Amino acid sequence: MTTAHLTCPLCEATCGLEVTLDANQRVTRVQGDEQDVFSKGYICPKGASLGALHHDPDRLTAPLLKRDGEFVEVSWQEAYDEIARRLPPIIEEHGRDAVAVYAGNPGVHNIALTLYGRVLYKALGTKNFYSATSVDQLPKHYSSGTMFGDPLAIPVPDLDRTRHLLILGANPLVSNGSLMTAPDIRGRLRGIRDRGGKIVVVDPRRTRTAQFADEHHAIRPGTDALLLFALVNVLFAEDLVAPGRLAEHLNGLDDVRELAQPFTPEAVAPRTGIDAAEIRRLARELAEAENAVVYGRIGTTTQAFGTIASWLVDVLNVLTGHLDAPGGAMFPLAACQPTGNRRPFAVARWRSRVRGLPEVVGELPVATLADEIETPGEGQVRALITVSGNPCLSTPNAGRLAAALDSLDFMISVDVYLNETSRHADVILPGPSPLERPHFDLAFYQLSIRNVANWTPATLPSAVPQEWETMLRLTGIVAGQGPEADVTALDDFVAGETARRNGLDVAVAGERTGPARLVDLLLRAGPYDVTLADLEAAPHGMDFGPLQPRIPEILCTASGRIELAPEPVVADVPRLREELAKTAETGLVLIGRRHLSSNNSWMHNLAPLVRGGNRCTIQVHPADATRLGLTDGGLASVTSRAGKLQVPVEVTDEIRPGVVSIPHGWGHDVDGSRARVARANPGVNSNLVADETLLDVPSGTSVLNGIPVEVTPV
Ligand SMILES: Nc1nc2c(c(=O)[nH]1)N[C@H]1C(S)=C(S)[C@@H](COP(=O)(O)OP(=O)(O)OC[C@H]3O[C@@H](n4cnc5c(=O)[nH]c(N)nc54)[C@H](O)[C@@H]3O)O[C@H]1N2
Ligand SMILES: Nc1nc2c(c(=O)[nH]1)N[C@H]1C(S)=C(S)[C@@H](COP(=O)(O)OP(=O)(O)OC[C@H]3O[C@@H](n4cnc5c(=O)[nH]c(N)nc54)[C@H](O)[C@@H]3O)O[C@H]1N2
Ligand code: SF4
Ligand SMILES: [Mo]
């Protein structure tokens, strides 16, 4: 028996786990690491299933090559030979933009893919770069980019010190927190209560978090921007604006006052479904709390006014003097900070070919990937590389995208499963399991509610090459060096560049290679006096303390100030005013939901996580069920502009009337996937009805919450 300590890479909470292995290196137990400086023993059902993931017989351990429509296992050499034979001619004949990339969520939880994926994408040099970000938090990057000058400067709730938390469109008791790295959310929310503080939740569903909170407001989906503007309106009207220390760092305060004028509580109440008097009280309580923070998550980003809502969340934090203040919304200072010259944020540096949608943070909206594949002409996408992504389940009008993938000349999936997306590929390149690779949470320490760092060495030797080598091999091929490119030389080059950008001599990292060397360099360049060796000597992590104020140092706008009314966001306000002018709608709208034992689309093949009844149901309010003739346990047909599906009905008063909810990430009953457990409990793909034409206009983020649908009994 041996034990190992690791940081869980499955979600944003970064829990420390203790894994026990028997003599045959089988995982016999996974539990929370009580000595972890941050998570202190917390674990959720997903973390507990890391052993099941590692031992899943369906997880790929050899490359697959499609021959005559069937996948066969091949050697790595054969896989690279095939790629070298088929990919470069597409680039030579049709140009770099003919190759698209879709990078999925687990890549952000994986240092190999984070640090070396960007090497591949840079070598490819395609404008057709897509990722899960445009079905997720892109509006937040947009608002941070325009307000603070840095799309990665995202303030997080100072959960452990706040006394008033206003949550919109997040269910952290189930998601374990997002854009808010904080293991043991329940304990931390309880802490707010114990300090005499208050938690308010705005959500169309009475979620677990809403049930735990002091107050719940069942808002109509897609109207958060209206509510938030009304809160701003009240702060100005009642002379409650008090930015305090931030006043000298602000531009645009008067513009915000002006913009908020039409959005009175009375004007927004019929659209949001929240009483004008309640809105006034919410604003006053926010302003009067000793400290307070407004926090918005996926329900506020993947909706029609995601950018405005994301912006107004931080406008409220500024106006109440709670931005960059203890107990408010604060900027983390991670041990490894992003490198490179910080230049003021710019948007729409290029546009998508077919729909003219804007680039944001170097990517195009995935809602237009199918257009780019289907539409002939110069610049048409003819090849696709997916890296840890499952867009056939996770992106809008998934049915159309799946069909489009079959028209590609060539497709590579870097993925650990043969699933709904990778089955369309010509070559699948697997990577190691989380126990077979080192881990350091580069991305999520940037969003952590305490400044912490923890290095995880690989627990077990890997059955397959590390993914940083895979990224470099692919880089070699697209860079014209063929399938035999010298990975060591490429890695030395990447490390040399990283060192140079950070003003370091690469030799300081000694004999290390791969991500370990890069992390060591980034730590040395970082704000704390630590090296990788220090973290290796601290298997339960290092704690650098609570968050500290970072304004003005963090600001990167051209003015050097916070832009409270940034022009690209303000340009979208007329669209919101039009929305305000509309009369209240009566049609049904669809939203999503998550479950504790899910991880987007890809962990439904693990038996411990799919026990119990079918969770993939459509939730309908009893009043709507009666009106529509739907019965609990019966089957409903759901239709939208994009498509249709059938799904079992769950009648519950948890959901607001006029709203229905289906979780995403299901729909595993497709031909040719290799996932025995998931196929036995397939659920339905909610993104068959998500409409790829509905976008948050500034950022191009998909509307996944608030999709007009018709629901009828089957
Ligand atoms: N309707 C609706 N749609 C949504 C959402 C919603 O709320 N509603 N949420 C959106 C959000 S927030 C997100 S982040 C996206 C997620 O969208 P995606 O990132 O496209 O999908 P995932 O389900 O995370 O699938 C990840 C893929 O990575 C593979 N994988 C897992 N681990 C590894 C690894 O270590 N290496 C490699 N190479 N591959 C690996 C899995 O097998 C799987 O194929 O979905 C979005 N889609
Ligand atoms: N267990 C589990 N944890 C996860 C994931 C998972 O799939 N399963 N996925 C991970 C990922 S990739 C992400 S991005 C995070 C997401 O983390 P969260 O944002 O906390 O995730 P959700 O549980 O989807 O919560 C979104 C909430 O928004 C509500 N909502 C929908 N529409 C609206 C609206 O218009 N306005 C308002 N105010 N609310 C609305 C929904 O009812 C839902 O309760 O979770 C991560 N953690
Ligand atoms: S909360 Fe997230 S990080 Fe913690 S054990 Fe669960 S999946 Fe892993
Ligand atoms: Mo996400």
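As the structure is a prediction and not an experimental result, all values here were calculated from the model. Counting starts at 1 for both ligands and their atoms, in listed order.
The existence of a salt bridge linking Arg206 and Asp653 is confirmed by a sub-4.0 Å separation between a basic side-chain nitrogen and an acidic carboxylate oxygen. A salt bridge is defined here as a Lys NZ or Arg NE, NH1 or NH2 lying under 4.0 Å from an Asp or Glu carboxylate O, and Arg297 with Asp136 meets this definition. We find that Lys40 and Asp184 are not joined by a salt bridge, their nearest charged nitrogen and carboxylate oxygen being 4.0 Å or further apart. Salt bridge annotation for Asp58-Arg674: absent, with no cationic side-chain nitrogen under 4.0 angstrom from a carboxylate oxygen.
Looking from atom 1 (N) of ligand 2 to the surrounding protein, the closest heavy atom is His595 O, 2.7 Å. Nearest protein neighbour of atom 34 (C) of ligand 2, counting heavy atoms only, is Gly299 O, 3.3 Å. Here the protein heavy atom with the shortest distance to atom 2 (Fe) of ligand 3 is Cys11 SG, 2.3 Å. Among protein heavy atoms, atom 39 (N) of ligand 1 sits closest to Ser388 CB, 3.3 Å. Among all protein heavy atoms, the one lying closest to atom 24 (O) of ligand 1 is Pro106 CD, 3.5 Å. Atom 33 (C) of ligand 1 has its closest protein heavy atom at Val416 CG2, 3.8 Å. Nearest protein neighbour of atom 46 (C) of ligand 1, counting heavy atoms only, is Ser394 O, 3.5 Å. Among all protein heavy atoms, the one lying closest to atom 45 (O) of ligand 2 is Ser175 CB, 3.3 Å. Closest protein heavy atom to atom 35 (O) of ligand 2: Gly222 N, 2.8 Å. Scanning all protein heavy atoms for the shortest distance to atom 40 (C) of ligand 2 gives Pro204 CD, 3.2 Å. For atom 31 (C) of ligand 2, the nearest protein heavy atom (residue, atom name, distance) is Asn705 OD1, 3.3 Å. Ranking protein heavy atoms by distance to atom 36 (N) of ligand 2, first place goes to Asp224 OD1, 2.6 Å.
For atom 7 (S) of ligand 3, the candidate residues are Cys44, Ser49, Ser39; the nearest heavy-atom contact is made by Cys44. Nearest-residue assignment for atom 23 (O) of ligand 2 (options Leu596, Asn171, Leu590, Ile655; heavy-atom criterion): Asn171. Of the candidates Ile219, Asp203, Leu179, it is Asp203 that places a heavy atom closest to atom 41 (C) of ligand 2. Compare Ser598, Cys44, Pro172, Gly306 by their heavy atoms: the one nearest to atom 8 (N) of ligand 2 is in Ser598. Nearest residue to atom 29 (C) of ligand 1 from Asp415, Asn685, Asn110 is Asp415 (criterion: closest heavy atom). Nearest to atom 25 (O) of ligand 1 by heavy-atom distance, out of Gly104, Gly592, Ser601, is Ser601. The residue from His664, Arg594, Arg437, Gln137 that puts a heavy atom closest to atom 2 (C) of ligand 1 is His664. Looking at Val135, Leu53, Leu704 and measuring to atom 11 (C) of ligand 1, the nearest heavy atom belongs to Val135.
With Thr307 as the partner, the side chain to side chain donor-acceptor pair (under 3.5 Å) test is satisfied by one option alone out of Thr701, Asp696, Thr300: Asp696. Checked against Arg593 for a side-chain contact (heavy atoms from CB on, under 4.5 Å), the options Thr617, Asp203, Asn705, Ile655 give a single hit: Thr617.
To the nearest 0.5 Å, atoms OG1 (Thr652) and CZ (Arg205) are separated by 8.0 Å. Here the CD-CG distance, from Glu420 to Asn685, works out to 8.0 Å after rounding to the nearest 0.5 Å.
Of all the heavy atoms in Met180 and Glu12, the pair that sits closest is N-OE1, 4.3 Å. Across all their heavy atoms, Pro204 and Val659 have their closest contact at CB-CG1, 4.4 Å.
An N or O contact shorter than 3.5 Å links Asn390 to ligand 1 by distance. Ligand 1 has a nitrogen or oxygen under 3.5 angstrom from a nitrogen or oxygen of Asn105. The shortest N or O to N or O distance between Lys46 and ligand 2 is under 3.5 Å. In terms of polar-atom proximity, defined here as any N/O pair under 3.5 Å, Val414 does make such a contact with ligand 1.
The side-chain heavy atoms of Ile449 and Arg188, taken from C-beta on, include a pair separated by under 4.5 Å.
The Leu10 neighbourhood of ligand 3 comprises atoms 7 (S), with distances under 4.0 Å to a heavy atom of that residue. Atoms of ligand 3 found under 4.0 Å from any heavy atom of Thr14 (numbered from 1 in listed order, with element): 3 (S). Against a heavy-atom cut-off of under 4.0 Å, Ser686 is close to the following atoms of ligand 1: 1 (N). Residue Tyr417 approaches ligand 1 through these ligand atoms, each under 4.0 Å from one of its heavy atoms: 42 (O). Against a heavy-atom cut-off of under 4.0 Å, Asp136 is close to the following atoms of ligand 1: 12 (S), 14 (S). Atoms of ligand 3 lying under 4.0 Å from any heavy atom of Lys46, numbered from 1 in the order shown and given with element: 7 (S). Proximity to Asn176 (heavy-atom distance under 4.0 Å) selects the following atoms of ligand 3: 1 (S). Per-residue contacts place Ile298 under 4.0 angstrom from the following atoms of ligand 1 (heavy atoms of the residue considered): 12 (S). Interface atoms of ligand 1 facing Asn419, defined by a heavy-atom separation under 4.0 Å, are 42 (O), 43 (C), 44 (O). Proximity to Asn687 (heavy-atom distance under 4.0 Å) selects the following atoms of ligand 1: 1 (N), 2 (C), 3 (N).
At a cut-off of 2.8 Å, Cys8 does not coordinate atom 2 (Fe) of ligand 3 through any N, O or S atom. Backbone or side-chain N, O or S atoms of Cys15 reach atom 4 (Fe) of ligand 3 at under 2.8 Å.
Of all the heavy atoms of Thr223, none lies under 4.0 Å from any atom of ligand 2, so neither backbone nor side chain is involved. With a heavy-atom cut-off of 4.0 Å, Ala170 touches ligand 2 through backbone and side chain alike. Only the side chain of Ile591 comes within 4.0 Å of ligand 2, counting heavy atoms alone; its backbone N, CA, C and O stay farther away. When non-hydrogen atoms are compared, ligand 2 lies under 4.0 Å from the backbone of Asn600 as well as from its side chain. Contacts between Asn599 and ligand 3, counted as non-hydrogen atom pairs separated by less than 4.0 Å, are absent for every part of the residue.
Taking the six-membered ring for Trp and the full ring otherwise, the centers of Phe129 and Tyr102 sit at least 6.0 Å from each other. For Phe305 and Trp311, the distance between ring centers is not under 6.0 angstrom. For Phe444 and His109, the gap between ring centers is short of 6.0 Å.
Remark: the Ser601 side chain and the Asn390 side chain contain an N/O donor-acceptor pair separated by less than 3.5 Å. Side-chain atoms of His439 and Asp441 form a donor-acceptor pair, as typed in the model, at a separation below 3.5 Å. Side-chain contact annotation: Asn600 with Arg594, donor-acceptor N/O pair under 3.5 Å present.
Within the 4.0 Å heavy-atom shell around ligand 1 one finds Glu467.
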